[in-house]
Amino acid sequence: MDDDDITITLPDGSTREYAKGVTPLDVAASIGSRLAKAAIAATIDGEEVDLDRPIDHDATVAVITPTTPEGREVLRHSTAHVLAQAVTDLFPGARYAIGPAIQDGFYYDFELPGGQRFTDQDLERIEARMREIVAADQRFVREELDRDEGLTRFADQPFKQEIIERVDRSEVGSGAVISVYRNPRDGAADFLDLCRGPHVPRTSRLGAFKLMRVAGAYWRGDEHGPVLQRIYGTAWETPAALAEHLHRLEEAERRDHRRLGAELDLFSFPEEIGSGLPVFHPKGGTVRAIMEEYSRRRHEAAGYSFVNTPHITKANLFETSGHLQWFAEGMFPPMLVDEGPGEGTPYYLKPMNCPFHCLIYQSRIRSYRELPLRLFEFGTVYRYERSGVVHGLTRVRGLTQDDAHIFCTREQMGAELRSLLVFVLELLRDFGLEHFELELSTKPPGKAIGSDADWDAATEELRAVAQDMGLEPVLDEGGGAFYGPKISVQARDAIGRSWQLSTIQLDFQEPGPEHFDLHYIGADNERHTPVMIHRALFGAVERFFAILLEHYAGAFPAWLAPVQVSVLPVADRHHAYAFRIADRLRAEGFRVELLDAHDDTLGARVGRAKRDKVPYVLVVGDEDADNGTVGVNGRGSDHPERGVPVDAFIERLAEEVAERR
RNA sequence: GCCGGGAUAGCUCAGUCGGUAGAGCAGCUCACUCGUAAUGAGCAGGCCCGGGGUUCGAGUCCCCGUCCCGGCUCCA
């Protein structure tokens with residue numbers, strides 16, 4: 001064996017000998033021309049590199065192809081470079097900041113001279129320029145520079161300089177070397193960008209891309225730093241994959257709860273009331289009432305007691321709870337009551353229910369015999385969300401939590417958490433959600449009270465409970481509240497999006513037990529501090545409503561649908577029969593509407609009922625009136641069933657509702 | 001809160017250069033009485049988001065506010 005030979009291990013474990021200096025592309029080519037053709041980057045001993053990186057030692061080598069997550073990232077990041085080149089071409093003096101690959105695509109942040117703004121027309125021009133760059137088939141050439149040379153090469157790019165300086169600081173003593181990528185081009189200076197890489201070898205190897213939108217973004221995410229203009233794009237390995245992605249976006253838009261809410265007449269946000277303050281219309285109110293009613297029934301069965309508390313309170317209560325100290329900026333400003341010569345008494349809208357529930361606990365001496373005490377309320381709270389973050393029903397300023405606080409002993413805590421988690425998942429499943437992920441948030445360093453030992457024990461308890469249910473929680477290090485760890489439940493909807501719903505928050509410090517001096521008398525006749533568990537299963541009813549609406553794309557299952565059955569007489573002479581059918585169904589407890597034949601053709605009425613996503617449309621005509629039957633049109637079926645006996649239909653619907661299908 | 005874009009009939013939207021407001025759908029009325037996704041005709045519908053300014057004249061231009069949209073930041 002020659003001294004200049006090295007041994008390359010392939011992903012399948014086999015090994016081959018190559019001359020020193022061989023590149024991953026050479027290796028791929030020696031295995032198969034198809035593989036070499038597909039490759040856009042490679043890994044050497046797990047490190048992502050360009051295809052032409054020479055290999056000078058024994059190593060494991062694999063190529064990266066565009067259809068893998070790593071491959072898409074290379075494509076997207078390379079596309080971002082081309083975007084930056086196009087922008088600097090079209091906007092002389094533009095400064096470019098950072099341009100990473102993100103989920104589904106990439107972005108690049110820019111600052112234009114003279115405060116110029118990108119317009120939608122600019123996006124089209126930029127995209128056209130990008131296609132020219134792709135057609136020119138420029139190479140991506142990697143170079144390594146030392147710090148000073150980097151600063152010189154990016155003399156007119158302050159953001160790049162700042163990054164270089166930062167890299168230098170963070171790698172002190174390691175002989176900092178920065179890498180840049182150069183796109184050589186005819187008749188113009190090379191385009192240069194600071195970058196770790198790897199990249200596709202040539203611009204012609206990019207996939208299908210599209211610029212999406214422009215938006216403002218802070219330099220390095222710093223609210224007080226300069227605001228840059230961010231151009232978002234999406235990039236995929238093939239035009240088909242891009243089309244599929246765009247289709248998914250359309251699907252998400254079609255399901256947007258704000259759009260469905262208006263179309264189906266469920267809720268609205270009157271400008272007169274204020275931002276983030278929804279009103280529910282009769283149909284939305286019906287769905288919501290059913291959700292709440294079902295939840296109430298389940299809580300009753302699970303041993304909860306129902307309480308009610310006011311929406312406003314004197315400031316004093318939130319001083320005791322610590323909210324005014326910690327979260328005043330998230331609360332609506334106070335109103336002064338009984339103003340006179342004095343300063344008046346400040347009252348606040350409540351941002352949380354727990355202090356009220358603590359007062360109920362505290363209203364008399366508690367015995368260990370009455371624990372666990374579970375206090376439940378649909379509690380409406382008000383939070384002063386910053387104006388830019390309000391969004392439909394998912395981020396509002398007035399919301400109703402399905403909130404409960406469980407007071408129990410340390411000994412009871414484990415069992416209580418265990419049954420609680422079962423309860424949560426069962427309830428969410430009943431509403432049609434099936435895929436869950438748990439997130440465990442631990443002690444926030446420097447911002448928490450209580451001993452590490454207490455925290456560790458409580459955190460471990462939560463983890464054990466999750467694992468008992470076969471769910472491995474994802475760790476959210478330092479994400480807990482200052483008074484205790486929490487476990488949150490994320491659910492995936494019908495199109496795979498993940499939503500955070502339930503939270504279970506342990507509180508063995510404050511603002512619960514110790515601030516309020518909560519205690520109970522134990523079997524030993526001594527005073528003990530209870531553990532308090534904060535928990536909300538829907539999270540907020542409004543938000544959960546929105547998630548269900550999007551999950552079902554507006555087609556609520558029969559048990560939740562605001563109108564379950566539309567009855568349509570074929571002609572006026574069938575009206576009396578249709579009325580009897582509707583009446584009968586109402587008597588059975590169903591929600592029914594009758595669309596009479598006076599104004600519209602049958603086709604028009606069927607269309608209306610279908611667009612309203614009513615689960616069952618019953619058409620009744622001569623045949624039915626004679627035989628006591630109905631014509632049944634199930635939602636989603638193109639084939640009406642004729643001559644179904646009324647009793648049979650009622651039985652079917654009742655079963656469907658009972659099973660919450 | 002910050003950056004950008006918006007707000008015209010119940011909804012979706014058009015409205016040219018600053019010259020006195022338009023369509024489709026929905027609504028109402030009438031006709032049609034129909035077996036499965038939009039029957040026809042007619043009528044009505046407007047503080048052009050609110051306030052100020054420029055102008056002979058403002059839906060249109062400028063300023064302030066409200067609300068919405070896309071991001072950023074935030075999300076107990």
Side-chain angles (χ1 to χ4, degrees), chain A residues 107 109 111 115 117-120 212-232 256 258-259 262-263 265 268-277 318 321-323 325-331 351-352 354 381 383-392 394-397 399 441 444 447 479-484 486 500 503 505 507 511 534 539-540 543 566 568-575 596-612 617-625 630-633 637-643:
Chain A
Y107 67 78
D109 287 346
E111 185 181 65
R117 300 289 167 202
F118 291 122
T119 65
D120 288 350
M212 303 299 283
R213 64 174 66 92
V214 55
Y218 299 107
W219 167 236
R220 295 172 59 192
D222 176 4
E223 205 177 337
H224 306 288
V227 176
L228 306 176
Q229 293 190 77
R230 175 169 296 178
I231 294 179
Y232 283 92
D256 190 314
R258 294 167 299 179
R259 173 202 183 109
E263 273 175 20
D265 196 15
S268 63
F269 295 88
E271 193 183 326
E272 291 84 342
I273 299 177
S275 185
L277 297 168
F318 292 126
S321 69
H323 286 95
Q325 187 194 337
W326 294 91
F327 309 116
E329 80 291 346
M331 294 168 63
M352 290 180 108
C354 24
V381 299
R383 300 177 182 185
Y384 189 75
E385 300 289 356
R386 301 216 275 175
S387 62
V389 306
V390 170
H391 178 94
T394 57
R395 193 80 182 269
V396 289
R397 284 178 168 170
L399 56 128
S441 302
K447 288 195 295 183
F482 66 94
Y483 49 80
K486 78 174 175 198
Q500 191 192 307
T503 56
Q505 175 96 46
D507 185 350
H534 307 241
R543 181 178 151 84
S566 288
L568 280 53
V570 170
D572 278 347
R573 66 178 178 281
H574 309 117
H575 187 269
D596 69 34
H598 185 67
D599 298 317
D600 271 315
T601 60
L602 181 63
R605 284 175 288 141
V606 169
R608 200 186 327 155
K610 295 270 187 184
R611 274 191 303 280
D612 283 347
V617 179
L618 301 186
V619 173
V620 295
D622 288 326
E623 262 173 46
D624 300 298
V630 292
V632 178
N633 302 263
S637 158
D638 296 332
H639 304 291
E641 296 170 62
R642 296 280 289 270

Under 4.0 Å, counting only non-hydrogen atoms across every strand here, what does [X] touch: a base, just sugar-phosphate, or nothing?
X: F269(A); answer: nothing
X: R258(A); answer: sugar-phosphate
X: G276(A); answer: sugar-phosphate
X: D638(A); answer: nothing
X: H598(A); answer: base
X: T601(A); answer: base
X: E623(A); answer: base
X: R608(A); answer: nothing
X: G603(A); answer: sugar-phosphate
X: A604(A); answer: sugar-phosphate

If the cut-off is 4.0 Å, is H575(A) near the phosphate of U33(B), judged by side-chain N/O to OP1 or OP2?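 No, because none of the side-chain N or O atoms of H575(A) sits under 4.0 Å from OP1 or OP2 of U33(B).
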A76(B) phosphate, OP1 or OP2: any side-chain N/O from R386(A) under 4.0 angstrom?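 For R386(A), the contact criterion (side-chain N or O under 4.0 Å from OP1 or OP2 of A76(B)) is not met.
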In whole Å, measure the gap between the C1' atoms of A21(B) and G53(B) for me.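 These two C1' atoms come out 24 Å apart once rounded.
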Quantified in whole Å, what is the P atom distance between nucleotide G4(B) and nucleotide A44(B)?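 Their P atoms lie roughly 45 Å apart.
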Do the non-hydrogen side-chain atoms of [X] and [Y] ever get within less than 4.5 Å of each other?
X: D622(A); Y: R573(A); answer: yes
X: P569(A); Y: H598(A); answer: no
X: H574(A); Y: D624(A); answer: no
X: R383(A); Y: M352(A); answer: yes
X: V617(A); Y: R605(A); answer: no

Please determine, for [N], whether a Watson-Crick or G-U wobble partner exists with both distances under 3.5 Å, and give it or none.
N: C49(B); result: G65(B)
N: C74(B); result: none
N: A58(B); result: none
N: G22(B); result: C13(B)
N: A31(B); result: U39(B)

Could you check which of G35(B), U33(B), C67(B) has an atom nearest any side-chain atom of D572(A)?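 The answer is U33(B), which lies nearest to the side chain.
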